[in-house]
Structures are given as structure tokens and as C-alpha cells.
Number of protein chains: 2
Amino acid sequence: MKNDESLVKVRTKSVRKNQIRLSNERRILAAAVKIFAGFGYQGATTRKIAEEAGIPKANLHYYFQTKEQLYRRVLDGIFKDWLAAANTFDECVEPIEALRGYIETKMELSRKRPLESRIWAEEILRGAPLIQHELEVTLSAWLDTRVKRITDWINAGRIDALNPRILMFMIWAVTQHFADFESQIRALNQQQNLSDNQFKEAKQQVTRIILKGIGALD
Amino acid sequence: MKNDESLVKVRTKSVRKNQIRLSNERRILAAAVKIFAGFGYQGATTRKIAEEAGIPKANLHYYFQTKEQLYRRVLDGIFKDWLAAANTFDECVEPIEALRGYIETKMELSRKRPLESRIWAEEILRGAPLIQHELEVTLSAWLDTRVKRITDWINAGRIDALNPRILMFMIWAVTQHFADFESQIRALNQQQNLSDNQFKEAKQQVTRIILKGIGALD
DNA sequence: GTCTATAACCGGATAGAC
DNA sequence: GTCTATCCGGTTATAGAC
């Protein structure tokens, strides 16, 4: 009897602790995304992140031992989103629909989660010191799969003959630009972020130029 | 006589000093471009820059009182190059030639001076704290001029109806991507930078897709 | 699990001799 | 104009009381 009770207590306590840990980790990770995006890896300080999360700095180090560990966790989350954005691409058979869906998904991602895009961009700018291996293995394999599909479309005469990798680079470049260079776009738009209508127009124009440019609309 | 001699001496000495100053400033600025591009503004240290320039840290501070002043000088140089890249654009009458020339010039700039492109990109990523005003005034006026020309082409039916600003954003995004995301491209190209031939292919494909995409080839 | 205090270190900038 | 030594402020990370 006594044994059972104490077991229950231990389990209850352990569950609650896990909930506390999870909830605190989420708070910290959300704060870290903001601060890393705003100041870069070097410019971000654990003090700023802790302040943003509303906890003492020491608590942050209790949950994430080092700044680099925290940063890696943030990058991992972003990488998963990146790969998942291709779902639309894979589900569609037609080149027009697959590419349109992918471009629109990436544009939406830039609109709704620009911070993550900027953290990714900075990591690449710095030479991808922490994610180089992931790029070479996981992203490379991911890209190969999509390259094959595009090659099939070319062989079937559905789109112009072109280098599929360079097409993907173009799509990444254009869509992520709206997140990564947001401050420049704002400065060139009367100090206003693009309105929903302006962004919709951008999305449509980007999609149309690329699809027409590769002969998918011929 | 004595007076003349001393005047000459002073002038000679002054000229030599100016040459020393100019030559040292150039060394430091070149080193600063490398280090700022490789580590970002926060990650770059005056010690690293001084080492790269082959001088003691104190000398660097003799020529540029603060790290921020040095960084501003670097940014100024980059901004001038950016604006100058539009010369081809302005010299050509035909939309095809003007845009082709501009895209190719920007691609060449990404190829030959990727470090500068990355410094610019990081500054924008961080919200353009130091160059916001230049963007709002100088770059904005620069862009307006090009927007007018594109609008004329649209009205003359030479290219499709589109938002000229978004077209320019697309061109910037795609061309600068080859400098800013070089490490990602390398990881997806068997850990090799694009060869001259690969880059040439990229340049041609980028130009073709955009020109065809906006109906300039119809 | 939380928090205050602090150790250990590093970076920007300068003093002052040469 | 050059260089060594140093100050000062800020950063990561941890010790140890609660």
C-alpha cells in the first residue's frame, strides 16, 4: 500500500515537472527566435533572451546549458519547417500546380514567420558553421528528389529545358527575400511594411513570372 | 632660404604622411571587408581585423577611432557599387538589353565581390540600423527612376503589365542569392563552389527566365 | 525548479613610451 | 605614426542558498 502510494506520488510529481520543463522550454525557444533574429547569433545575449522570456538568466542556463545548444534547437525547428514546405510540391502531379503550390507556401512562410527565415539566412551567410552537415546530407537528398521530378517534366516537354537546381535556387531566393530583406522593402515602400494586398500582388507576380519564365504556361 | 627649405620639408613630410595614411586605410578597409563578411558586425573583432591587416590593434584605432566608424566606411563603399551597377540599365533603350545588362552586372558583382554582398545582406537582416536613412532617401530615389523606365515599357506594350518594384526586388533577390547563400549552394553542389561554367549557366538561366517571364521575349 | 551573486573571460578603446 | 600594457564594461556560465 505505502509503496503504491509513493510510486503514484513520484509519477505525479515527475509528470508535473515534465510539463513545467516543456512549457518553460517553449517560452525560452520563442524568446530565442525573436532575439536571434533581431540581433544575430553573436549579437544575441542570454540576458536579452531571458528578459524576453521573463525569467532570470540562470534559469535559461538551467534549461539550455549553453547558448550554442539553444541556438541549435532553434535551427532544428526551422529546418523542419523548411523541409515540410515541400509537401504541396510533392502532392501535385502537374508542374504548374506543384510549383505554384510550393512558391505560394514559401511566400506564406516568409510572410508569417519572417524571423525564422532571417535566422536561417544569417546562419548561411556566416558559412553555415553549425548546419553544414545537415545541408550536405539531408537538404541535398531532399533537393535530389525534387530535381528528379522537375527533370521528368522537362523530358515530358511540360516545361522548358533548364537546370532544375538553379530553378530551385531562384525560388528560394525570391520567396525568402520578402522575409530576409523586409527592412529594405519597407524603406522603399514609404516606411510601411507591405500591406496584405501588396503582398498578395507580390505573390501572384512572383508565381506568374517564374511559371511563365520556365514555359509552364505555354 | 631657410624658410623655403623648411616649407618644402614640411610639405614633403605631409605628402608622405598622407600616402601612408591612405595606404594603411586601404589595408584596413580590405581586412575589414573580409572579417565583417565572415563574422558579421558583432562577431567581427577589431583584433581580428588588425591581425588580418597585419598591424597592431592600437594602430587600427589610430586610423578609425571606433569599430562603428570603420564599419560605416565599409558600408559606404558597398552602397556606391550597388548604385553604380545600374549604369548598364540606364544606357540601354531596349527593355531586353537594359534588363539583361542589369541582371548580368548584378550576377558578376555577386561572383566577384560576394563579401560585400554578404555585409550588405547582414545589415538589412538586422533591420538596416545604420543605413536606413540612405535606403529611404538615396536608394528610394534611385528606384523611382528605374520604376519610371519600366512603366514606360509597360505602357508601350514592350513587356507585360506588372509591378516594377516587385520586378526589381526579384532581380535583387535572385542575383544576390548567389553571393549571400554561397555556402548553401556549395553544400548542394558536392561541397564545391560553382565552377565558371556552372555560374555562366546560372547567369543565362536566370536572365532567360526573368526576361521570358515578364514577356520581354514575346 | 528558482534566483542572487560571482567567477572567468573577452572585446573595444586608450595611455603613454618610443 | 607605431606599439605595449592596461582599463573598463559587458558576456557566458556556474555556485550555492532557497
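Side chains included, hydrogens not; waters and symmetry mates left out as well; all remaining heavy atoms used.
- Under the 3.5 Å distance criterion, with hydrogens and angles disregarded, no donor-acceptor pair is assigned to the side chains of A/E123 and A/Y41.
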Practice task
In sequence, state the C-alpha distance, the side-chain angles, and the governing distance for B/K203 and B/E108, and then conclude on salt bridge (charged side-chain N to carboxylate O under 4.0 Å, His left out).
Solution key: CA-CA 9 Å; B/K203 190 166 67 172; B/E108 287 305 324; 2.5 Å; yes
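- Across all strands shown, B/F64 has no heavy atoms under 4.0 Å from either base or sugar-phosphate atoms.
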Distance-only donor-acceptor hits, side chain of residues 74-82 of chain A, under 3.5 Å, sequence neighbours excluded:
| from | atom 1 | to | atom 2 | distance (Å) |
| --- | --- | --- | --- | --- |
| A/D81 | OD2 | A/R113 | NH1 | 3.0 |
| A/D81 | OD2 | A/R113 | NH2 | 3.1 |

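- Across all strands shown, A/A44 has heavy atoms under 4.0 Å from sugar-phosphate atoms exclusively, and none from any base.
- Across the protein-nucleic acid pair, A/L60 atom CG and D/dA13 atom P stand 10 Å apart, rounded to whole Å.
- With sequence neighbours left out, the ring-ring contact (aromatic ring centres under 6.0 Å, His included) criterion links A/F181 to A/H177.
- Between A/Q65 and B/N24, the residue anchored closer to the 5' end of DNA chain D is B/N24, taking for each the nucleotide with the nearest heavy atom.
- Scanning for side chain to side chain donor-acceptor pair (under 3.5 Å) contacts around B/N87 gives an empty result, with sequence neighbours left out.
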Sequence neighbours left out, cut at 3.5 Å: what donor-acceptor pairs do the side chains of residues 163-175 of chain A make with other protein atoms?
| from | atom 1 | to | atom 2 | distance (Å) |
| --- | --- | --- | --- | --- |
| A/N163 | OD1 | A/R165 | N | 2.9 |
| A/N163 | OD1 | A/I166 | N | 3.3 |
| A/N163 | ND2 | B/E201 | OE1 | 3.4 |
| A/N163 | ND2 | B/E201 | OE2 | 3.4 |
| A/R165 | NH2 | A/D144 | OD1 | 2.5 |
| A/W172 | NE1 | A/Y102 | OH | 2.9 |
| A/T175 | OG1 | A/I171 | O | 2.7 |
| A/T175 | OG1 | A/W172 | O | 3.3 |

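- Under a 4.0 Å N-O distance rule, the pair A/K57/A/E51 does not qualify as a salt bridge.
- A/E68 is listed as a side-chain neighbour of A/L130, based on a closest heavy-atom distance under 4.5 Å.
- Protein chain A touches strand DNA chain C; the 5'-most and 3'-most nucleotides with an atom under 4.0 angstrom of its non-hydrogen atoms are C/dG1 to C/dT4.
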For nucleotides 5-10 of chain D, which of its nitrogen or oxygen atoms have a protein nitrogen or oxygen under 3.5 Å away, and what is each distance?
none

